[in-house]
Amino acid sequence: MSGEEKSAPSNFIRQVIDQDLASGRHSLIHTRFPPEPNGYLHIGHAKSIVLNFGIAQDYRGLCNLRFDDTNPHKENIEFVQSIQNDVRWLGFDWDDRLFFASDYFERLYQFAIELIEKGKAFVCELDNERMREYRGTLKEPGRNSPYRDRSIAENLDLFQRMRAGEFPDGARVLRARIDMASPNINLRDPVLYRIRHGVVHHQTGAAWCLYPMYDYTHPISDALEGITHSLCTLEFEDHRPFYDWVLDNISIGCHPRQIEFSRLNLEYTVMSKRKLTQLVSEGYVQGWDDPRMPTLAGLRRRGFTPGAIREFCHRIGVTKSDNRVEMGVLESCIREDLDARAERRMAVLRPLRVVIENFPSDQTLTLDLANHPKDETLGARKIAMGREIFIDQADFAEVAPNKQWKRLVTGGEVRLRGSYVIKCEAVIRNDQGEIVELRCSYDPATLGANPEGRKVKGVIHWVCAATGVKAEVRLYDRLFTHPTPDAVSGSEFTDLINPASLEILTDCRVEAALADAAPEVHYQFEREGYFTRDAKAPGLVFNRTLSLRDSWAKLEQQSKP
RNA sequence: UGGGGCGUGGCCAAGUGGUUAAGGCACCGGAUUUUGAUUCCGGCAUUCGUAGGUUCGACUCCUACCGCCCCAGCCA
């Protein structure tokens, strides 16, 4: 990680930690990032990763990576691997502290026995539907299960037999014995264990047919690892009394403090794992690492950098208020990072052939172009120029559409970036009347010098026709057409997918230096945006990370209606 | 009158009884520019959900009201 990176700003959680340090309650801060391996990590997880690992870094403490793998039904090994990749890519390291909640299954079981022995847990035979009835509603208290007052001996026996596999799925659960009249539904004798036969757990195989619930597993896992501050999202706030209840009722010498913060919501995308899974499984995108996805794998393939994502997490802050962050914040982070680091190249996305008539047909010129306008340490490269070149169709108009236009027009002049000033002498059309070629002349006195007696304001990019290379370019736009696709009444979020979220350009020309570009190397294609070579596609394919800021497009947009 | 949270500019977000109410993004000018990029300079909340109250003094304390979010999985 770069040493000059701005440090994370403070927030209310860091203030709590400061107090706990000042009061002597703790001397070493220990956090954890506890994903469930049931999907790929997304940018909302990045907020939590940066928070947890960032705190450990800044306070010289520790942060564990722990998989919350208590529901083998939804989890798999592909996800445990992708999660580790993504956390590392983001720039964090857990040393030897990789844990699984399933590491603790035996101890969890023993703690459950302790609860039973203390009369704090019981085996319940109510089926799903019955249990819901007995739970009551938000406004009405629940009723005690008829199995609630079984003897300790009977509970012990039954629980042991549950583990031994004597009962089918759903026939028995172990429940905490707290208070069916609690106004907090999470305290109405919550389920601790359920029976799941026939699933192979990615870590424990077929060793168990009994699986603990998250609410029971999490506080114990935290305590076993000596976590001091257990940071989670707001929806677990109601669960905190149970988190504390568990640790107060078993023999464990550690009681981490749970602190809740609000999840990240980003405009024009969705963040729920259920919805992301649906986008993948129903083929709306091409996989978890589709460059349009808000997953870390997708952002990576799109060309986002770990540093930009970390910076984004710093900028959005950590609070308890509901939020929906504008895409502009993320875009600003990546532009700032890439502007400083990306080498410049030229690429013509929609080519228009230009023949420079007074340029000798047998001659090729070699030009030197700086790789970066401000950072000379990035060096320079050679570019060939011949009699025929390509420019972008958008850089030519027969007549200027308005007085601000500074690109090429018939009879007008522009500067070719790093090269000469050319003048458009004639337009060649095909049978359909479409412009297919421009005939131009160049002014030999304008290489590295301004022309005599006139001003040429426009500068356009170009690629040499003889030496340029053909490439495919994929332009990405927001995945949804609505800023809150998951909150539009009357619409399913999949109805709001942007049909133009991917545009594939197959006839682009890029300068020769780009022919062997490596994936994950970031380039700025001058006047277009930031691009990186796709890591998966065969052939020369570039993904547009994002465009440059475009005040011209804004101006055009404004002058339209 | 079920419980738990949250309300500071378009979007995030500092602020913890005495500050001209930080900062970032966005936006609007203007300068520089062989990228309509970058950079630079300037502008952008007489007011903190609303209404009362306490106080010499309130975004910060109290009361009431309004709005929004979460909870009734053998999911996490």
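To find a chain, count down the sequence lines: A is the first, B the second, and so on, and within it residues start at 1.
- Side chain A/Glu326 to base B/G10: a donor-acceptor pair is found below 3.5 Å.
- Which of B/G36, B/G24, B/A76 sits closest to the side chain of A/Arg315 comes down to B/G24.
- In this structure, A/Arg132 reaches the sugar-phosphate backbone alone: every heavy-atom distance under 4.0 Å involves primed, P, OP1 or OP2 atoms, never a base.
- Residue contacts for A/Leu126: at a heavy-atom cut-off of 4.0 Å it reaches a base atom on one of the strands shown.
- Remark: side-chain polar atoms of A/Arg509 are not paired, donor with acceptor, to backbone N or O of A/Arg350 under 3.5 angstrom.
- Of all nucleotides listed (B/C27, B/G5, B/A72), B/C27 comes nearest to the side chain of A/Lys554.
- At the heavy-atom level, A/Gln404 lies under 4.0 Å from base atoms of the strands shown.
- Projected onto RNA chain B by closest heavy-atom contact, A/Pro35 and A/Gln15 fall at different nucleotides, the more 5' of which corresponds to A/Gln15.
- Residue A/Ser332 has its side chain nearest to B/A26 when only B/U34, B/A14, B/A26 are considered.
- Residue-level contact check: A/Asn128 touches the bases, meaning some heavy atom is under 4.0 Å from a base atom.
- At the heavy-atom level, A/Arg417 lies under 4.0 Å from base atoms of the strands shown.
- Residue contacts for A/Val173: at a heavy-atom cut-off of 4.0 Å it reaches a base atom on one of the strands shown.
- When the side-chain nitrogen and oxygen atoms of A/Thr319 are compared with OP1 and OP2 of B/A13, one or more of them lie within a distance under 4.0 Å.
- Stacking between A/Tyr214 and the base of B/A76 is absent under the criterion of ring centres within 5.5 Å and planes under 30 degrees.
- When the nucleotides B/C70, B/G2, B/C74 are ranked by their closest atom to the side chain of A/Leu138, B/G2 comes out on top.
- When each of A/Arg324 and A/Arg527 is assigned the nucleotide of RNA chain B with its nearest heavy atom, A/Arg324 is the one assigned upstream, toward the 5' end.
- One distance of note links OH of A/Tyr104 with OG of A/Ser221; it measures 6.0 Å at 0.5 Å rounding.
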